[in-house]
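A short worksheet on the structure shown next.
Every chain is numbered from 1 and lettered A, B, ... according to where its sequence line falls, protein lines coming before strand lines.
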Amino acid sequence: MTEKRYDFSTIESAWQHRWDGMRAFAVDLSQATNPYYVLEMFPYPSGRIHMGHVRNYTMGDLVARYKKARGYDVLHPMGWDAFGLPAENAARERGLHPAKWTWENIATMRAQLKALGLSIDWEREIATCHPEYYRHEQGYFLDFLDAGLAVRKDMWVNWDPVEQSVLANEQVIEGKGWRSGADVERVKRKQWCLDTAHYADELDRALDDLSAWPEAVKTMQRNWIGRSQGCSIDFVVSRADSADKADSAGKAGSAGKADSTDKAGSAGKADSTDKAGSADDATKQETISVFTTRPDTLFGMTFLALAIDHPVAEALAAQDAGLAAFIAECRKGGTAPRGEEIEKRGYRSSLQAHHPFRPDWTFPVYVANYVLLEYGTGALFACAAHDQRDLDFARQEGLTVVPVVAPTGVDPLADPDAAQVDNEAYTGQGTLFGSDFLDGLTVQEAIPAAIARLEETKQGTGETIYRLREWLVSRQRYWGCPVPVIHCHDCGAVGVPRDQLPVRLPEDIDIGTHGNPLDHHPTWRHTACPSCGKPALRETDTFDTFFESSWYFARFLSPRDTTQGFDAKLAAQFLPVDDYIGGIEHAILHLLYSRFFFRALKQAGHCAIDEPFKRLFTQGMVCHKTIKDPATNAWIFPTDAERDPENGLRHRDTHVPLAEGASVKMSKSKRNVVDPDDIIATYGADTARLFILSDSPPNRDLEWTAAGADAIHRYLKRLYRHIDGVIDTALADGLPPATKTPEAEEATTATMRMVHTTIKTVTEDIDRYHFNRAIARIRELTNYLFVQPLSAPVYEGWMTVLRLFNPIVPHLTEELHARIQPDQLLVSAPWPSWDAEALVSPQEEISVQINGKMLCRVAYDVALTDEAVLEVVCTTPKVAQAIEGRQARRAPILVRGRIVNFILAP
RNA sequence: GGGGGUUUGGCGGAAUUGGUAGACGCAUUGGACUUAAAAUCCAAAGGCCGUACGGCCGUGCGGGUUCGAGUCCCGCAGCCCCUACCA
């Protein structure tokens with residue numbers, strides 16, 4: 001027979017059509033007895049798929065096909081995270097309607113994904129921009145509204161005055177809007193929020209039970225949730241109209257800068273967020289609540305500081321032009337001064353604070369830019385000696401610093417200098433001094449003691465707070481899901497009646513204007529109040545797109561259900577998602593929002609699940625080499641560079657010398673992107689899939705190399721040709737009859753041992769996501785089989801290779817398999833099991849060591865006793881020579897199948 | 001500043017979880033086939049010394065535990081990622 005070419009493009013498109021035609025991957029969930037849900041994070045339809053997608057979906061496809069072979073009813077769907085800003089940008093730049101742009105991208109990317117031969121049930125495809133998708137999340141939002149989980153409140157946000165829109169923190173670059181370049185302002189605006197903080201405690205604790213999540217992701221979530229134990233303290237404050245009274249201990253400074261001449265006419269109001277009853281109402285004292293984790297350092301307090309947007313600071317500013325100016329100055333630059341530390345600045349207010357245990361001690365109250373409004377109560381008490389930030393501020397403002405914790409081994413009475421701090425705060429363990437009833441206690445003992453005293457005197461409470469706050473879901477954007485609310489002059493914010501959902505986006509919009517196109521639409525927002533019928537206005541905010549991605553995995557269960565978002569019974573069967581695969585960049589936002597969302601859905605009675613993802617796998621990035629022109633510093637396409645043996649790396653056309661840079665994540669700007677379409681056209685999907693799963697462990701970065709892809713393709717050609725030839729022979733002549741010679745029988749058991757060992761290790765490796773190792777084991781088997789003369793066991797070996805390789809190179813294996821069994825798809829064939837007996841070898845080898853140093857390997861019969869094994873080892877010439885005449889210091893250490901170690905005198 | 005990860009040949013990586021370090025590949029070199037090249041096949045290959053048999057060294061660095069350490073413990077360094085005035 002003539003050798004057939006490995007015609008991958010014909011093979012691949014033929015099998016893709018056949019799988020499609022026979023609905024090979026469609027799954028009827030209601031009939032599923034053995035449910036298993038494999039999901040990769042769904043893509044944003046940006047235009048074309050990239051290698052990161054290929055890696056993500058290839059890994060998921062391997063798992064899905066493997067689980068199907070293991071007998072599961074595998075749900076493996078695909079959809080589109082279709083709302084978002086890039087669609088509006090494209091509309092502005094190219095005059096395309098966001099919907100048109102999005103749907104065209106989806107069509108392109110769907111075709112690209114199909115060319116990869118993924119085992120996806122495309123009948124379940126969804127796009128989040130479809131009204132039949134977002135109508136359900138509008139319903140969920142109304143539920144959250146009813147449950148008090150969704151609220152509209154004043155929030156400090158980044159406001160771009162040119163765009164006339166709120167910006168996300170990451171859209172503020174060095175204090176300026178990322179697109180307009182305008183100075184971003186910090187403004188208060190009514191925004192819709194979901195009360196994620198309501199579940200902060202549970203979201204934190206439940207991480208402990210997510211045993212199949214990467215520790216790194218759980219750690220990131222814990223840090224983000226930011227559980228912090230301490231206490232709140234209500235400081236009594238009064239006006240410092242009279243001259244500063246230095247307290248007896250000289251702690252409260254008059255050392256502050258000159259007071260503002262413009263005293264506030266009235267003291268700030270008590271913080272309305274105070275715990276009820278914590279202030280002594282009878283005496284009508286004003287208090288400011290602070291949160292602290294270090295109440296033990298109260299006796300080292302030297303000042304109180306408020307965030308610039310603290311209600312008390314605002315009230316004071318109304319009476320104090322200097323303070324108002326200071327606050328206005330600080331507000332420039334938006335809410336997110338990321339990156340380098342800002343310069344600490346403060347303004348001394350007209351208030352003074354009283355020490356909870358020594359009411360006659362008073363301290364200045366500052367308004368300071370380094371105090372965060374969003375953390376704790378937006379106010380803090382400062383013990384500068386034991387907090388670096390407070391110390392920095394104190395040194396700058398010339399405030400007193402009073403240490404109260406002596407490091408272990410330091411006696412502050414004997415050596416007063418030793419406990420002093422210079423410009424470095426002491427934050428470690430130690431013993432309290434100069435602290436009244438806390439003296440002599442360790443930091444760990446003093447914290448509860450201080451809290452107890454504060455609680456006794458009703459000035460504070462032990463408390464656990466969280467960094468996690470509400471999730472701001474309002475966006476002043478067109479291309480998102482409309483918030484289903486109507487604002488009525490008389491009735492306030494009223495939810496849109498459920499029978500009027502979905503609130504659809506208008507299609508006739510003018511995207512060219514600044515701000516939110518929905519605001520500028522001539523008619524869309526005008527409607528009637530559902531409750532009183534008077535003219536009213538629709539909410540024009542749309543949801544953050546993380547809203548859509550918080551529940552899409554449930555929608556796949558019931559993608560065409562018009563009555564509900566998903567079916568609770570199916571959810572009970574298929575959720576949580578068994579295997580969820582995606583990039584680590586979603587470690588916090590998407591995954592945390594989804595975990596919140598399902599708790600909220602459960603509270604609203606939609607399902608009984610808390611955690612949406614059982615096992616999470618985070619894949620590494622796809623990297624590629626970069627090439628630069630050192631003269632111009634411009635990035636060069638690697639395909640435009642060639643290596644000249646004499647002159648090194650040169651540009652192919654201009655011949656200027658080039659320099660090879662690091663291998664970094666593929667990006668258009670660095671010109672190191674490899675287009676999946678090109679790879680599929682040149683080598684086929686199977687080559688791309690095998691290359692991307694070989695070598696690199698899935699959780700690490702993968703380096704794409706042209707040579708590697710080429711080598712993989714050569715291997716597949718050889719594999720195809722060889723197995724094809726084996727099948728030719730088997731079909732034409734039949735397999736050679738087994739010979740009964742001892743050598744032939746030994747060859748048979750050796751082959752079977754190899755085959756079954758491979759089945760076992762490959763199965764275990766896939767279960768543990770060690771795909772690169774699984775492939776190495778399969779290649780080991782094929783290397784072995786390539787050189788064996790054809791026999792029944794060798795033939796069986798090749799059939800096993802087809803089955804084991806099918807989830808990785810599905811088209812090639814299916815094509816070859818169809819030659820033997822045209823009536824059965826490999827895709828539906830069961831995974832092979834291994835025969836434990838076939839794994840057993842009559843002989844095993846042991847490593848021989850002398851005093852822990854390797855000497856040699858010795859083989860022996862497994863049936864031998866320990867004594868007999870030692871006998872065999874000791875009579876091996878090389879060993880006998882090494883131990884001859886030397887005295888044993890102890891009995892040899894024998895670990896069968898591993899090692900024997902002789903401990904001899906030198 | 002805080003947290004996490006990582007460090008093994010020229011390169012990607014493997015090592016039965018404390019028992020032959022370098023599986024499986026990439027790149028390389030030699031050979032076969034060919035008029036020649038490509039393709040294909042076979043072989044070599046951690047470093048140093050040696051013609052070979054072999055010997056010594058070797059898993060970022062320094063200690064420790066152990067019969068035995070890439071693996072466990074302590075300390076240090078480099079690189080990567082996340083986060084950041086979180087009181």
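- Shown here, G54(B) forms a base pair with C49(B); the pair counts as Watson-Crick or G-U wobble because both key distances fall under 3.5 Å.
- Comparing the same atom, C1', in G46(B) and in U8(B) gives a spacing of 10 Å after rounding to whole Å.
- With salt bridges taken as basic N to acidic carboxylate O contacts below 4.0 Å, none links Arg467(A) and Asp204(A).
- On the C1' atoms, A14(B) is 12 Å away from U59(B), given to the nearest whole Å.
- Among the protein residues, Pro697(A) comes within range of the sugar-phosphate backbone only, with heavy atoms under 4.0 Å from sugar or phosphate atoms but none that close to a base.
- A salt bridge links Glu764(A) with Lys760(A): the distance from a Lys NZ or Arg NE/NH1/NH2 to an Asp or Glu carboxylate oxygen falls below 4.0 Å.
- The distance from atom CG of Asp701(A) to atom P of G5(B) is 16 Å, rounded to the nearest whole Å.
- In this entry the base of U28(B) is anti relative to its sugar, with a glycosidic angle more than 90° from 0.
- Under 4.0 angstrom from either OP1 or OP2 of C67(B) there lies at least one side-chain N or O belonging to Arg890(A).
- Between Arg222(A) atom CZ and G2(B) atom P there is a gap of 20 Å when expressed in whole angstrom units.
- Shown here, A43(B) forms a base pair with U29(B); the pair counts as Watson-Crick or G-U wobble because both key distances fall under 3.5 Å.
- Across G58(B) and G63(B), the matching P atoms stand 12 Å from one another, rounded to whole Å.
- Side-chain atoms of His386(A) come within 3.5 Å of backbone N or O of Tyr426(A) as a donor-acceptor pair.
- Cation-pi geometry between Lys344(A) and Tyr370(A) is met: under 6.0 angstrom from the ring centre, within 45 degrees of the axis.
- Here the P atom of nucleotide G4(B) and the CG atom of Asn223(A) are 8 Å apart, to the nearest Å.
- When the C1' atom of G68(B) is taken as reference, atom CG of Leu894(A) falls 14 Å away, rounded to whole Å.
- The CZ atom of Arg889(A) sits 15 Å away from the C1' atom of G68(B) (whole-angstrom rounding).
- With rounding to the nearest 0.5 angstrom, the CZ atom of Arg222(A) is 12.0 Å from the CG atom of Leu203(A).
- Using Watson-Crick or G-U wobble geometry with both donor-acceptor distances under 3.5 Å, C24(B) finds its partner in G12(B).
- Using a 90° window around 0 for the glycosidic torsion, G5(B) falls outside it and is classed as anti.
- Judged by Watson-Crick or G-U wobble contacts below 3.5 Å, the nucleotide C72(B) has G64(B) as its partner.
- Residue Ile903(A) is classed as a sugar-phosphate contact, given heavy-atom separations below 4.0 Å to backbone atoms only.
- If you check C79(B) for Watson-Crick or wobble pairing at under 3.5 angstrom, you find it paired to G5(B).
- Pairing for U34(B) is absent, with no Watson-Crick or G-U wobble pair whose two atom distances lie under 3.5 Å.
- Comparing the same atom, P, in U6(B) and in G10(B) gives a spacing of 23 Å after rounding to whole Å.
- Candidate nucleotides A87(B), U7(B), G19(B) were compared by shortest atom distance to the side chain of Arg898(A), and G19(B) ranks first.
- Closest to the side chain of Trp224(A), from the set G19(B), A84(B), U20(B), is A84(B).
- The side chain of Arg768(A) approaches U17(B) more closely than any other nucleotide in the set G19(B), U17(B), A87(B).
- Of the C1' atoms belonging to C49(B) and C61(B), the separation is 27 Å, rounded to the nearest Å.
- For Arg718(A), whose side chain is taken as the heavy atoms from C-beta onward, the closest listed nucleotide among C41(B), C67(B), U20(B) is C41(B).
- The distance from the CE atom of Met754(A) to the CZ atom of Arg777(A) is 8.5 Å, given to the nearest 0.5 Å.
- Rounding to whole angstrom units, CD1 of residue Ile588(A) and C1' of G4(B) are separated by 12 Å.
- Separating the CZ atom of Arg5(A) from the C1' atom of U40(B) is a distance of 17 Å, rounded to the nearest angstrom.
- A distance of about 24 Å separates the C1' atoms of G60(B) and G19(B), rounded to the whole Å.
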Distances for protein N or O near nucleotides 23-30 of chain B N or O, under 3.5 Å:
residue : atom : partner   : partner atom : Å
A23(B)  : O2'  : Arg777(A) : NH2          : 3.4
A23(B)  : O2'  : Glu780(A) : OE2          : 2.7
A23(B)  : N3   : Arg777(A) : NH2          : 3.1
G25(B)  : OP1  : Asn783(A) : OD1          : 3.2
G25(B)  : OP1  : Asn783(A) : ND2          : 2.5

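- Put simply, Lys853(A) has a side-chain N or O that comes within less than 4.0 Å of OP1 or OP2 on C57(B).
- Look at the C1' atom in both A45(B) and G25(B): the space between them is 14 Å, to the nearest Å.
- Look at the P atom in both G47(B) and C42(B): the space between them is 24 Å, to the nearest Å.
- In this structure, Val371(A) reaches the bases: a heavy-atom distance under 4.0 Å links it to at least one base atom across the strands shown.
- Between the CG atom of Leu855(A) and the P atom of G54(B) there is a distance of 11 Å, rounded to whole Å.
- Seen from the ring of Phe786(A), Arg718(A) counts as a face-on cation partner, given the 6.0 Å and 45° thresholds.
- Residue Phe771(A) holds its CZ atom at 10.0 Å from CG of Asp765(A), rounded to the nearest 0.5 Å.
- Side chain of Ser289(A) to main chain of Asp234(A): no donor-acceptor pair is present (N/O by atom type, distance under 3.5 Å, no hydrogens or angles).
- Around NZ of Lys218(A), the count of heavy atoms belonging to other residues, nucleotides or ligands within 6.0 Å exceeds 12.
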